[in-house]
2 protein chains.
Amino acid sequence: MTPALKDLYVQKDKMYVATDCIIFGFDAGKLKLLAFKRRVEPFLGTWSLIGSFVRMEEDVSVAAKRVLTEITGLDNVFMEQLKAYGLADRDPGYRCVSIAQFALIRIDDYDKELTEKHGAHWFDLEELPELVLDHSQMVEDAMARLKRKARYQPIGFELLPEKFTIPQLQSLYEAIYQKKLDDRNFRKKLMTLGLLIKLNEKDKSSSRRGAFLYKFDYDNYQKLVKSGYNFEIA
Amino acid sequence: MTPALKDLYVQKDKMYVATDCIIFGFDAGKLKLLAFKRRVEPFLGTWSLIGSFVRMEEDVSVAAKRVLTEITGLDNVFMEQLKAYGLADRDPGYRCVSIAQFALIRIDDYDKELTEKHGAHWFDLEELPELVLDHSQMVEDAMARLKRKARYQPIGFELLPEKFTIPQLQSLYEAIYQKKLDDRNFRKKLMTLGLLIKLNEKDKSSSRRGAFLYKFDYDNYQKLVKSGYNFEIA
DNA sequence: CAGCCAACTGTATAAAATACACTTATGACG
DNA sequence: CGTCATAAGTGTATTTTATACAGTTGGCTG
């Protein structure tokens with residue numbers, strides 16, 4: 001967790017609860033993580049996840065959303081609890097249990113100014129710097145969760161703009177699974193799921209011919225989930 | 001969480017961290033949950049999971065193991081964090097975030113006297129009473145996790161005695177998945193995984209003919225995991 | 001109008017999941 | 001001592017799903 005210590009009296013004999021956000025994005029074929037350069041002691045200048053103490057009257061999940069909104073200006077973001085980190089000595093300054101949450105955001109959406117103001121930076125997941133405390137562990141665990149979860153829940157769509165192309169989606173899944181997928185098989189599988197709505201528009205940013213845009217069919221997804229359907233995406 | 005309140009001064013303006021244990025067992029073809037009758041106010045007489053406050057100098061996972069050992073007398077039990085429960089009003093008495101852990105134990109192992117002394121009772125999962133606070137939710141979430149996890153990790157073995165028969169194992173998986181499995185296909189699949197060691201003993205408790213006993217091949221399992229093998233059990 | 005590039009499409013093969021029915025070992029009981 | 005009852009154990013055919021693989025199309029560029 002990364003509280004602004006100047007605002008707080010930390011008491012050594014008190015138990016604190018914090019929440020830290022692992023914020024994933026996707027851009028240019030790469031999975032990205034939003035990290036922050038600490039501007040206060042201790043650990044000034046080191047990279048860290050963004051976090052906050054949980055307030056006395058505040059739900060843990062609300063605290064996480066508050067942090068995310070403060071930083072990105074975004075609301076209605078996919079967010080899910082990862083797990084709690086509770087080693088007694090995880091933070092040398094005081095006793096603090098941190099509940100890590102991971103969020104998937106659409107990079108094109110977020111407010112650039114806002115993040116820069118907070119000293120934030122998008123890192124390629126393969127080029128992450130060392131993070132403070134146990135934050136590197138958190139990211140590793142979140143990545144494992146993302147990989148597993150992507151198999152059976154269409155969370156990938158949270159990382160793309162509302163309208164996206166099949167090649168974009170494939171590139172995202174390739175980044176998550178860290179391996180190349182066969183384009184014919186990927187498309188075939190996807191189409192049989194019935195989760196996409198084909199639009200009458202093309203995206204021409206990456207080819208002369210252009211690729212059709214699709215959007216995610218939330219309604220049908222909900223219906224399928226209710227009827228107990230079992231997904232397997234790519 | 002279920003602290004012995006008489007031992008504590010609870011301060012309304014303090015944040016507490018607790019841990020609650022969802023303890024699963026398996027007996028007579030049914031999945032079981034270990035629940036406790038509260039002997040102190042508030043909620044005296046209602047059923048509850050067992051739990052404890054996390055001590056200032058204690059890891060969260062250590063606190064959970066401490067509770068489990070106090071109650072069952074068992075050590076070296078499969079235990080894994082489920083998630084943190086952090087609603088601000090989840091406990092009306094004071095602000096407390098609880099980190100739920102689920103444990104799988106071998107019912108024949110545990111110390112009966114010890115559990116009875118604590119007012120414990122094994123419930124069939126289908127006949128659970130209402131539990132205090134958000135504990136019913138915890139059990140539901142743990143059950144969902146168990147179902148999913150059982151597919152790709154051989155955790156089922158944690159619930160059986162060291163030596164077990166194939167029909168016993170099948171009955172366990174039927175209880176977890178809540179559906180009948182085909183005995184021929186179950187056996188076939190299992191054998192291809194190479195996770196079982198056949199013993200030269202039979203269990204005759206449930207048939208005249210007797211069924212061969214097996215034990216779990218931990219060594220080979222470790223090897224397979226390291227080599228990146230992907231399981232799918234039943 | 002030729003060339004280039006990514007988008008798009010179909011089929012054959014292999015692997016895995018499912019469905020399904022009879023034989024065997026053994027103790028109980030007449 | 002033979003037959004009956006019971007759960008343990010076994011094999012094959014079919015369907016479904018995953019994988020492997022190569023050529024055509026649309027549309028801009030020069």
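Every chain is numbered from 1, with letters handed out A, B, ... down the list of sequences. Atom set for the values below is all heavy atoms of this structure, side chains included, hydrogens, waters and symmetry mates excluded.
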*asked:* What I'd like to find out is whether the side chain of B/Asp20 reaches to under 4.5 Å of the side chain of B/Met138, using heavy atoms alone.
replied: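 Yes, side chains in contact.
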*Do the non-hydrogen side-chain atoms of A/Leu213 and A/Lys202 ever get within less than 4.5 Å of each other?*
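No - every pair of side-chain heavy atoms lies 4.5 Å or more apart.
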Please give, in whole Å, the distance from [N] [atom2] to [X] [atom1]?
X	N	atom1	atom2	value
A/Phe186	D/dC21	CZ	C1'	18 Å
A/Lys188	D/dT16	NZ	P	16 Å
B/Asp182	D/dA8	CG	C1'	14 Å

With no hydrogens and no angle check, is any side-chain donor or acceptor of [X] less than 3.5 Å from a backbone partner on [Y]?
X	Y	result
A/Thr72	A/Leu68	yes
B/Gln101	B/Ala64	no
A/Asp134	A/Gln137	no
B/His121	B/Ala35	no
A/Thr69	A/Asp75	no

_Distance, nearest 0.5 Å, that separates CG of A/Leu125 from NZ of A/Lys32_ =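 Result: 9.5 Å between the selected atoms.
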Output side-chain donor-acceptor pairs under 3.5 Å for residues 143-164 of chain A, partner residues at least two apart or in another chain, one line each.
{"unit_1": "A/Arg145", "atom_1": "NH1", "unit_2": "A/Leu82", "atom_2": "O", "d": "3.3"}
{"unit_1": "A/Arg145", "atom_1": "NH2", "unit_2": "A/Gln81", "atom_2": "O", "d": "2.8"}
{"unit_1": "A/Arg145", "atom_1": "NH2", "unit_2": "A/Leu82", "atom_2": "O", "d": "3.4"}
{"unit_1": "A/Lys147", "atom_1": "NZ", "unit_2": "A/Gln178", "atom_2": "OE1", "d": "2.7"}
{"unit_1": "A/Lys149", "atom_1": "NZ", "unit_2": "A/Glu80", "atom_2": "OE1", "d": "3.3"}
{"unit_1": "A/Lys149", "atom_1": "NZ", "unit_2": "A/Glu80", "atom_2": "OE2", "d": "3.4"}
{"unit_1": "A/Lys149", "atom_1": "NZ", "unit_2": "A/Gln153", "atom_2": "OE1", "d": "3.0"}
{"unit_1": "A/Lys163", "atom_1": "NZ", "unit_2": "A/Glu201", "atom_2": "OE1", "d": "3.4"}
{"unit_1": "A/Lys163", "atom_1": "NZ", "unit_2": "A/Glu201", "atom_2": "OE2", "d": "2.8"}

*Please check if atom NZ in A/Lys30 has more than 12 non-hydrogen atoms from other residues, nucleotides or ligands closer than 6.0 Å.*
no
*Kindly check if the number of other-residue, nucleotide or ligand heavy atoms within 6.0 Å of NZ (B/Lys65) is above 12?*
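Atom NZ in B/Lys65 is not crowded, with 12 or fewer foreign heavy atoms closer than 6.0 Å.
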_Do A/Thr165 and A/Asp203 pair up side chain to side chain, a donor and an acceptor below 3.5 Å, judged on atom types alone?_
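No, A/Asp203 and A/Thr165 have no side-chain donor paired with an acceptor closer than 3.5 Å.
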_Short side-chain donor-acceptor distance under 3.5 Å, B/Tyr85 and B/Asp141_ =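 The criterion, which ignores hydrogens and geometry beyond distance, is satisfied for B/Tyr85 and B/Asp141.
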*asked:* For DNA chain C, which residues of residues 162-177 of chain A approach it to below 4.0 angstrom with any heavy atom?
replied: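 Those residues are A/Pro167.
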*Where is the tightest heavy-atom contact between B/Ser48 and B/Leu131, given as atom of each residue plus distance?*
N-CD2, 4.0 Å
*Could you tell me whether the phosphate oxygens of D/dT17, OP1 or OP2, come under 4.0 Å of any side-chain nitrogen or oxygen in A/Lys189?*
no
*Once you build an axis from the first five pairs and another from the last five of the helix from C/dC1-D/dG30 to C/dG30-D/dC1, how far apart in angle are they, to 10 degrees?*
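Answer for the end axes of this duplex: 10°.
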_Close residues, residues 191-199 of chain B, relative to DNA chain D [heavy-atom separation under 4.0 Å]_ =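 Correct list: empty, so none.
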*Walking along DNA chain C from 5' to 3', note the first and the last nucleotide with an atom under 4.0 Å from a heavy atom of chain B, and give both.*
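Result: C/dA17 to C/dA28.
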*Report the C-alpha distance between A/Leu33 and A/Leu128 in whole Å, list the side-chain angles of each, state the deciding distance to 0.1 Å, and finish with yes or no for side-chain contact (heavy atoms from CB on, under 4.5 Å).*
CA-CA 8 Å; A/Leu33 180 85; A/Leu128 268 189; 3.6 Å; yes
*asked:* So for A/Asn185 and D/dA20, does any side-chain atom that can act as donor or acceptor lie under 3.5 Å from a complementary atom in the base?
replied: yes
*Does A/Arg184 get its side chain close enough to the base of D/dA20, under 3.5 Å, for a donor-acceptor pair?*
no
*Compute both the distance and the angle, then confirm whether B/Lys223 meets the cation-pi test with B/Tyr221: under 6.0 Å from the six-membered ring centre, within 45 degrees of the axis.*
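The answer is no; the distance or angle limit is not met.
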Identify all pairs in which a protein N or O lies below 3.5 Å from an N or O of nucleotides 25-27 of chain D, and state each distance.
{"unit_1": "D/dT25", "atom_1": "O2", "unit_2": "A/Arg209", "atom_2": "NH1", "d": "2.5"}
{"unit_1": "D/dG26", "atom_1": "O4'", "unit_2": "A/Arg209", "atom_2": "NE", "d": "3.3"}

